[in-house]
Amino acid sequence: MRVPEQYVRAGKLAREMREWILENVSVPQTCLEIATSIEAEIARRGGQPAFPTGIGINGVTAHYAPQEDDQTKIGAGDLVKIDYGVHFDGYIADTAVTMTENDEYQQLMETTKRALEAAISVVKRDPRTGEIGKAIEATARQAGFKTINNLSGHTLEQYTVHAGKSIPNVYAPNQPMLKRDDVFAIEPFLTLGTAAGYVVDAPPSSAVTIYSLIMRKRTAVKELDALVDHVWNARKSLPFTPRWFSKEFGRERLQKLLSELERRRIVRGYPTLVEASNAPVAQFEHTMKLEGNSLVILT
Ligand SMILES: [Co+2]
């Protein structure tokens, strides 16, 4: 199977966006400003966001997409993760960068980048996902850091961000192999050696900000069906954030409809994930593909 050309386009735009982010994101922008400007720039360049732009400050590790009322600013002391994606026709490039002006976090950030490089050099010669995790873990440990052991990389399929296989950030025996033509993301998350080293759901009081449609099912409730149709047309099974649809549905009403669709198992919510001891976490991520014996880094 040849790589759909859309993967290459998505990867190229994600790579160009990385440069844009490194040049344009700075203290003291708000998380909301950062996320909306990234998504607008992706669209301006002809792409679509593959999922809501995630902004993770310090211990906030994944699945946090700012909403309209979020006034949080990134500060000079913060460790800031930006996890974003681009898709063309559902073919996804998923990538992440960490930024900081804080000297205390430089080493954590650099080590995380090196862990991703170590993982990439392993996957070129050994497709066992457990061995990739082992290289990430070893790189972290040698520098006195820890990996987040319950977050992992993943294979990607059309309109599916997390397809069948996981690529752990720790050694794990009996893991599946990556095979020829798999498209996958490797994403080491590293934290301090003294940290818990795993993530938990943020307290239920903090709202879920990322959702996806599980199935396109009729409910016989007009306004629920209207939302499902709207999401399906805009996103199919790709993740979305309420901010994208609040104009059409109204913020409060949208929240109610989403809760009801979640209760009916038509929509899935992804709670924000925070490091269990609230220690700072760094992340880097690339999407890549095994083509025969060579590895193509798409992002
Ligand atoms: Co990912």
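Computed over heavy atoms, backbone and side chain alike; hydrogens, waters and symmetry mates excluded. Ligands are counted one by one from 1 in listed order, and the atoms in each one are counted from 1 as well.
- Using modelled atom types, one side-chain atom of Thr209 and one backbone atom of Ala65 make a donor-acceptor pair closer than 3.5 Å.
- Between Tyr84 and Glu39 the shortest side-chain heavy-atom distance does not fall below 4.5 Å.
- Protein atoms that are N, O or S and lie under 2.8 Å from the Co ion (ligand 1) are these: Asp94 OD2, His154 NE2, Glu187 OE2, Glu285 OE2.
- Taking the six-membered ring for Trp and the full ring otherwise, the centers of His154 and Phe184 sit at least 6.0 Å from each other.
- Ring pair Phe249/His230: centre-to-centre distance below 6.0 Å.
- For residues 267-277, every residue pair satisfying the side-chain hydrogen bond (donor to acceptor under 3.5 Å, both in side chains) rule, not counting sequence neighbours, is listed here: Ser212-Tyr270, Glu275-Ser277.
- Using the six-membered ring where Trp is involved, Tyr91 and Tyr7 have ring planes that are perpendicular, over 60° apart on the 30 and 60° scheme.
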